[in-house]
Amino acid sequence: MMFREADATAVKLSEYKPYDWLIDTVDLDFQLDPKATRVQAKLVMRPNPKGRRNAPVVLDGDELTLASIKLNGKTLAATDYDVSASSLTIKNPPREKFTLEIETIVNPSANTKLMGLFRSNAIYCTQCEAEGFRRITYFPDRPDVLSVYTVRIEADRDEAPFLLANGNPVEAFGIKGSNRHYAIWHDPHPKPSYLFALVGGKLDFIEEPFTTMSGREVMLRIFVECGKTQLTGFAMDALKRSMRWDEKVFGCEYDLDVFHIVAVSDFNMGAMENKGLNIFNDKYVLASPETATDIDYENIEAIIAHEYFHNWTGDRITCRDWFQLCLKEGLTVFRDQEFSSDERSRPVERIGDVRRLKSFQFAEDAGPLAHPVRPDTYREINNFYTVTVYEKGAEVVRMLKTLLGERGFRKGMNLYFKRHDGDAATVEDFLKCFADANKRDLSQFARWYSQAGTPELAVRGSYDAKAKTCTLDIEQMIPPTPGQSAKQPMVIPLRLGLLDGKGRDIALKDAKGKAVSDNLIVLEKAAQKFVFSGVKEKPAISLNRGFSAPVKLATNFGEDNLRFLAKYDSDPYNRYDAVEQLAMNELVASASGSNKSPEALIEALSNALDNASLDDAFLAQLFSFPDESDIAQKIGGNIDPDAILAARRKIKRDVGVALSDKLAARYQKLTNHRAFSPDAKAAGRRALRNACLDLLAATEGGAEHGRAFKQFEEADNMTDRMAALAVLCQHPIPERETALAAFEQRYRNDPLVLDKWFSVQARIAEADALGRVHKLTKHPAFSMTNPNRMRALIGVFAAGNPSQFNRPDGKGYAFIADTVLGLDSKNPQVAARLLSAFKSWRMLEPSRRALAEKELKRIAETPGLSPDVTDIASRSLA
Ligand code: BES
Ligand code: ZN
């Protein structure tokens, strides 16, 4: 077998060593050219007192042409240095301060990996995290080497009238007697190379001033492809709100004269936090009511906030090494979630965040790609920008806040900002700030960073009528994960409530009669007993309120307890969760052949519809049932995706039929003739109305299909139009094709909207789905090398259409494997992400499992694969 991976060495946290050199300043000079951009780098270096003495200078490089190299102004002899495919080594550098000048040539037009300097629709742009800077010049491309950058960019004035880089503008001039011009930028904040950015091209922009809390004026600009500025207003508004929020909540102020965002259409990720020059996938900037759904608006707001928040948690305090990725990502996700909670509805935000966590992170934790929030080894860092690092990383920060309380948490954050500003820090540094500020020992808590797997709690509740006590016996267990068989007990903060017969919260007292503060109990041992006294009647038990810990619960509380919580729980998350559990129980039973009607669920939903105190967005969550992969995860093994699809269809039909009058009345009542607004309340109304539409159509009545078609035709915004189209696509009716054709016609010149058209078809759960997807790959608007297009069609098929990806004949697997193999040489990062659609293959019933394994092996055995794909394939099979 030809595993290129066999010789790719793993990087280990335990082997961290500081770099041998300090680089105080980096001066870069770019001569932009589509095929041969010349990069001159001047590095002022000196030995690092913490490094080895007499070490050579080893710089990283990737796909570079070295044009010249000078040390202290003198060209180096060929014998003074070595160049390999991945490095440049200066064998005998001076043992004191010196300057190194390196000239490289790169080809941005040929850069299909979209890492380093590349072109997107003729715009020059960069993406350096994690290891893209080495594709621009030779450099120690690691996050603990911090330098002050000055950047000069020169280009043809016609080709690139705008020239941007990090920091503040210094000067910009035309060059006499030529068509060239240049701009110089200086960033006073020392930063690692992964935060470097440059943009050049024909752009349009909008600008607005912002006055920071100390009264400094900052100019905010959003740059887009020409002709698109009318789509940037919402992003600008979100940016200003983010800046204000970070001042108010964390005391974090912006620190340059300008803040720039550039939106480009070819981008591997969502967006990137380069200092002062965030670069975005245009999908997360551009919005209008006609082209963007409420979910798009919500994502734009969250991602603008996220990248902006990195200015303090990521840029000013960066990571010592890539093992510490959660230090910036988990923390920044926590911050953007808090921002969205404050700007929108806190309970609804929490429900959405937990749904994502359970759907994606719990699934990752349960499969072959499971890893700790802080991994201790990796072969390809690109593959560790995962839901575990991000979402579970955010949950760990949230638990810290729960354990320390609002004030204790803020004290810890303040100390972190103060103590580590300007540092490349570690998770230990971060935790120590909270420990020091609160005089708490967090050493056991730190296991959340090192132990992979989702803890499972077995909870036995009992009531003693004579003693008037309620007792919870709780055991924790963490399943084995790759490389970790035995686990140690975690610190698990559980918020809880006991409800009396009328559904009111009982004041919690411990066995000694002392009030339980914050309604919080903290599990620290493998098994623990908690006794609550003064409980006058058998209570209903509401555990893990607000999802205070990312764990799975198995209780003996029974279905009556769930029905009661669904009706009365004062904690909105647990109220939602009770309904979801009722739905899940029905779905699991139905998938294994039960034919009973979901009475408890229908009753809970009916009550909820009648309850005027519940808001629309919350109800919409109750009415969107667990999806097929959630159900598969709950079943846990021997998965038959067709049975799950059938169960889900049945529950929707049963609920739709049972509640059709109420749903139709609510649909009507929510019909709105006011002008579109993207605010959370209006979005909630649309979400509930569209959930009603979906369930009504599930009754398969012709009139209901007509209702969906009518909504599709009459919609005055993309949310309603798209929701109607998605409903139509679930039913093999003639209106479906009519609507799809009309949509294509209407939006054929708008790639971001066409992505929705590709996706909605990729999700059609019918036997000819693969044929349709295959045909769509030939559509003139489809492109394999544009990441948004590829993900919209093929990514969504693999991850969002379980019954068809998991076709019993294995053709879905073969199609995805072929796509991964075809894409790998062009864009390995995106290919590797697509491949991770196989992450739950071991849970499948034996025949599909064998077919999936065959395709994974076919990939793993293909010679010459990228490290990205090799890493995912081999870990998936291990
Ligand atoms: N730093 C990342 C961007 C990134 C990710 C660079 C992976 C290199 C590799 C950025 O801050 C980020 O996290 N972006 C997310 C969106 C965010 C809201 C979670 C993304 O791009 O998906
Ligand atoms: Zn981030």
Side-chain angles (χ1 to χ4, degrees), residues 113-116 118 125-135 141-143 191-197 235 238-239 242 246 261-264 266-285 295-319 322 324-340 343 349 352-353 356-357 360-361 373 375 378 380-395 397 787-788 791 795 799 827-833 836 868:
K113 293 183 179 169
L114 313 183
M115 287 296 283
F118 63 96
C125 64
T126 56
Q127 169 57 39
C128 291
E129 189 179 1
E131 297 179 334
F133 192 72
R134 64 186 64 185
R135 296 166 57 78
D141 198 7
R142 41 187 287 168
K191 66 169 174 290
S193 55
Y194 84 87
L195 291 172
F196 166 80
L239 174 60
S242 306
D246 214 14
I261 287 174
V262 182
V264 297
D266 300 83
F267 205 69
N268 283 348
M269 305 298 298
M272 178 64 208
E273 70 263 26
N274 318 300
K275 181 80 189 188
L277 179 55
N278 290 358
I279 299 183
F280 272 63
N281 186 324
D282 58 2
K283 173 178 160 73
Y284 297 119
V285 171
I295 305 288
D296 294 328
Y297 278 100
E298 199 178 309
N299 285 334
I300 290 169
E301 180 174 294
I303 299 183
I304 294 264
H306 178 97
E307 306 311 337
Y308 175 72
F309 296 157
H310 270 315
N311 190 57
W312 275 91
T313 52
D315 298 1
R316 288 190 69 136
I317 307 180
T318 193
C319 301
W322 292 122
Q324 321 296 328
L325 186 57
C326 65
L327 179 69
K328 74 177 179 83
E329 295 302 348
L331 175 57
T332 305
V333 169
F334 168 79
R335 275 152 53 69
D336 82 55
Q337 291 177 348
E338 284 297 293
F339 168 73
S340 295
E343 296 287 306
E349 171 73 18
D353 291 341
R356 270 187 296 279
L357 181 80
F360 304 110
Q361 200 282 321
V373 171
Y378 64 78
E380 174 50 64
I381 188 57
N382 284 326
N383 291 336
F384 282 87
Y385 288 77
T386 61
V387 281
T388 297
V389 169
Y390 276 66
E391 315 296 323
K392 188 173 180 180
E395 291 302 318
V397 175
N788 287 353
R791 287 186 287 244
N827 192 332
Q829 221 176 301
V830 173
R833 291 228 166 220
S836 63
D868 308 58

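Order of listing sets the numbers, starting from 1, for every ligand and every atom in it. Counting from 1, the numbers follow the sequence of the chain as shown.
- For the pair D246 and R335, the salt-bridge criterion is met [side-chain N within less than 4.0 Å of a carboxylate O].
- Remark: the H306 side chain and the T332 side chain contain no N/O donor-acceptor pair separated by less than 3.5 Å.
- Every atom of ligand 1 is numbered from 1 in the order shown, and the set under 4.0 Å from a heavy atom of A271 is 2 (C), 3 (C), 10 (C), 12 (C), 14 (N), 21 (O).
- Classification of R134 and E131 as a salt-bridged pair holds, one side-chain N sitting under 4.0 Å from a carboxylate O.
- Protein heavy atom nearest atom 19 (C) of ligand 1, with residue, atom name and distance: Y390 CE2, 3.6 Å.
- For the residue pair N788/N281, the side-chain donor-acceptor check at 3.5 Å is satisfied.
- Each of the following atoms of ligand 1 lies closer than 4.0 Å to a heavy atom of H310: 11 (O).
- Residue contacts with ligand 1 for E273 involve side-chain atoms from C-beta outward but no N, CA, C or O (heavy atoms, distance under 4.0 Å).
- For the atom pair CZ of F360 and OG1 of T388, the computed distance is 12.5 Å after rounding to the nearest 0.5 Å.
- Contact annotation: for E129 versus ligand 1, heavy atoms closer than 4.0 Å belong to both the backbone and the side chain.
- The Zn ion (ligand 2) lies under 2.8 Å from an N, O or S atom belonging to E329.
- Counting non-hydrogen atoms of other residues, nucleotides and ligands closer than 6.0 Å to NZ of K328 gives a total above 12.
- Interface atoms of ligand 1 facing I303, defined by a heavy-atom separation under 4.0 Å, are 18 (C).
- When heavy-atom distances to ligand 1 are checked against a 4.0 Å cut-off, A302 has no atom that comes that close, whether in backbone or side chain.
- The six-membered or imidazole ring of F267 lies away from that of F280, with a centre-to-centre distance of 6.0 Å or more.
- Here CD of Q127 is found 7.0 Å from CD1 of I279. Values are rounded to the nearest 0.5 Å.
- Summarising the contacts of atom 15 (C) of ligand 1 with E307, E329, E131, the nearest heavy atom is found in E307.
- Heavy-atom contacts of G270 reach the following atoms of ligand 1: 20 (C), 21 (O), 22 (O) (cutoff under 4.0 Å).
- Between W322 and Y194, the ring-plane angle classifies as perpendicular under the 30° and 60° cut-offs.
- Contact atoms of ligand 1 toward Q127: 6 (C), 8 (C) (distance under 4.0 Å to a heavy atom of the residue).
- Close contacts of ligand 1 with K328, meaning ligand atoms under 4.0 Å from a residue heavy atom, involve 1 (N).
- Note on ring orientation: taking the six-membered ring where Trp is involved, the planes of Y385 and Y390 are tilted (angle from 30° to 60°).
- Rounding to 10 degrees, one finds that the Zn ion (ligand 2) sits at the corner of an angle of 90° between H310 NE2 and H306 NE2.
- Against a heavy-atom cut-off of under 4.0 Å, M272 is close to the following atoms of ligand 1: 1 (N), 3 (C), 6 (C).
- Summary of contacts: the protein heavy atom closest to atom 7 (C) of ligand 1 is Y385 CD2, 3.1 Å.
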